[in-house]
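We name chains A, B, ... by the order of the sequence lines, and we start the count at 1 in each one.
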Amino acid sequence: MPLRTGASVGIVQAAPRVRIAPSPTGYFHVGTGRTALFNWMFARREGGTFVLRIEDTDTARNRPEHVEGILSSLRWLGLDWDEGPYLQSERGELYRDAISTLVQSGAVYACDCTTAQIQQRARERGGPPGYDGFCRDRGLDPAESLMLRFKTPREGTLQFTDLVRGDPTFPLAAIEDFGVRKSNGEPLFILANVVDDADMAITHVVRGEDHTSNTPKYALLWEALGYGELPVFAHLPLINNAQGKKLSKRRDKVAVEDFRDDGYLAEAMVNYLALLGWSPGDDREILALDEMVEAFRLEDVKSAPAIFDERKLAAVNSHYLRNLPEADFVERSQEWLRSRWAPLAPLVQERVRTLAEVYTMADFAYRGEPVVDLVEWRKAVRKNAKFGEVLEAAIETLAVATWDVEGIHQALSSAGEKVGVANLRDAQAPVRLAVMGRPVGPPLMEGIELLGRDRTLSRLRAGQVRLHEESPTG
RNA sequence: GGCCCCAUCGUCUAGUGGCCUAGGACACCACCCUCUCAAGGUGGAGGCACGGGUUCGAAUCCCGUUGGGGCUACCA
């Protein structure tokens, strides 16, 4: 049970405890990075504790190896945590206890509705989508393998303290009977989240604005569990793309590790992220970590969303790069070069005759666009009547391929079959030329895997354009 | 649709009723410096979404309109 001295004693304000609670999705979102940064700055500024908790309750989706990606991204950014990582997957007992408390007090009830049934009823009702409380009074046995839902009050309002956006008020009637436990017995996000925040004595919940509407549910659960005084909230504005939509993996570059791989310095990344939604209140734009900590106040965080502008990030980055002592610059650029080279080296070892040849076998991985050997390109086009068709088919199959050597191999094979080329080699030559620019080089599949889907596809498309330009009509 | 939130140059922001002829940064343009390109320096263009109030005075307070975003899962 958390103890908050500040309110009751009124003299000693307890040191705040904050947390970052990412879920292992396979990459570390820049928005999560910024949330982590703000939590971290707040904790450091106030002499508080920064807790790392991995929210991996969804066993069907989370992969344990993804946790390492979270840790390494946090370390790269320089955001050291004081406690954790705590894994929710190892804290099941806590959630089960909380659930049985809720069952005993009658705060929750069992529900056997399927999603389809819920939607069906909503349609017939003609009203808003969402759960209608159908099972509330059916008295289903909560001991069964059924989903458990929280009995949300049907009237009244609920308000909570939010340091960045005033104190939002929600009408309780708008909050449906949300689920707290899956039918397989696993806790749902909101339950685990609340139980852990209480157990870890979190005093300030600093998270993205996308959680604002979860907060009433959070508060309801918190109260039902008898946890006492609610934490203070701070919902940070979201980071949007140029279209004004929240950054998503599907359309945008969002993974912290992608920025690292593209050659951004961690200190530049942190500096830029800090300035998204916050400013020290004066005209300073370039700030060292300790200067940011010194000036940081949650109350100064803006409540309007910000658009992520990579050009400005690049400007901040170039500033840091220029100001590096020469020896550091040498060291860090070498380190970056090496990280790209390491996975490639074993692939070219048995092909090069001199170390100098390493360069021409590897440059495709370093350049934005490959250096295309036009003599070889034309020769290959002449020899293969289906050159263009192969590129076309490869774009289609690679766009949806599983991104590993096996998946890429399958994609290229089926592309070859689709256009009816005699053997796999004929299907590969055009792809290799388009992607690597040369007829020889590292193994195609491995090279493509390393390059990544986006760059591979854009090179194939560039290849199609080149094909047209190279062969005027006739 | 319902609920919540937001609104200063293209973008990130300063601004919390008079210091605002709205400041800075990125991007853009011009010039200077310069063996090139950068970097650096100087200057320029560019904004308070709209309409009502409140006030001696509104970017700042209130209301409305418009526009935008988030949430609305047995994901987190």
Detail all sub-3.5 Å separations between protein N/O atoms and N/O atoms belonging to nucleotides 5-11 of chain B.
| unit_1 | atom_1 | unit_2 | atom_2 | d |
| --- | --- | --- | --- | --- |
| B:rC5 | O2' | A:Arg165 | NH1 | 2.4 |

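Among the candidates A:Arg297, A:Met292, A:Glu294, the single residue satisfying the side-chain contact (heavy atoms from CB on, under 4.5 Å) test with A:Met41 is A:Met292.
Using Watson-Crick or G-U wobble geometry with both donor-acceptor distances under 3.5 Å, B:rC50 finds its partner in B:rG64. Pairing partner, B:rC56: B:rG18, with both Watson-Crick or wobble hydrogen-bond distances short of 3.5 Å. Across all strands shown, B:rC26 forms a Watson-Crick or G-U wobble pair, both distances under 3.5 Å, with B:rG10. Across all strands shown, B:rA39 forms no Watson-Crick or G-U wobble pair with both distances under 3.5 Å.
In this structure, of B:rA73, B:rC4, B:rG23, it is B:rC4 that holds the atom nearest to the side chain of A:Phe170. Closest approach to the A:Leu275 side chain among B:rA73, B:rC12, B:rG70 is made by B:rC12 (side chain taken as heavy atoms from C-beta onward).
The backbone N or O of A:Leu398 lies less than 3.5 Å from a partner atom in the side chain of A:Arg453, making a donor-acceptor pair. For the pair A:Gln117 (side chain) and A:Thr114 (backbone), a donor-acceptor distance under 3.5 Å is present. Side chain of A:Arg340 to main chain of A:Asp261: a donor-acceptor pair is present (N/O by atom type, distance under 3.5 Å, no hydrogens or angles). Using a distance-only test at 3.5 Å, with no hydrogens or angles considered, a donor-acceptor pair links the side chain of A:Trp403 to the main chain of A:Glu449.
Between the P atoms of B:rC9 and B:rA22, the separation comes to 14 Å (whole Å). Taking the P atom of each, B:rU8 and B:rG47 are spaced 14 Å apart, rounded to whole Å. Between B:rU11 and B:rC28, the two C1' atoms lie 12 Å apart (nearest whole Å).
Using cut-offs of 30° and 60° for the angle between ring planes, the A:Phe178 and A:Phe150 rings count as parallel. Between A:His235 and A:Phe233, the ring-plane angle classifies as parallel under the 30° and 60° cut-offs.
Residue contacts for A:Asn214: at a heavy-atom cut-off of 4.0 Å it reaches a base atom on one of the strands shown. Within 4.0 Å (heavy atoms only), A:His235 reaches no atom of the nucleic acid at all. Backbone-only engagement by A:Glu55 is indicated by non-hydrogen atom pairs under 4.0 Å involving sugar-phosphate atoms exclusively. Counting non-hydrogen atoms under 4.0 angstrom, A:Arg207 reaches nothing in the nucleic acid.
When all heavy atoms are compared, the tightest approach of A:Asp262 to A:Trp336 is C-NE1, 4.0 Å.
Comparing A:Ala174 and A:Gly281, the nucleotide of RNA chain B nearest to each residue sits closer to the 5' end for A:Ala174. Projected onto RNA chain B by closest heavy-atom contact, A:Lys182 and A:Pro171 fall at different nucleotides, the more 5' of which corresponds to A:Pro171.
Applying the 3.5 Å distance criterion, the base of B:rC74 shares a donor-acceptor pair with the side chain of A:Ser183.
Contact check of residues 17-40 of chain A against RNA chain B (heavy atom, cut-off under 4.0 Å) returns A:Ser23.
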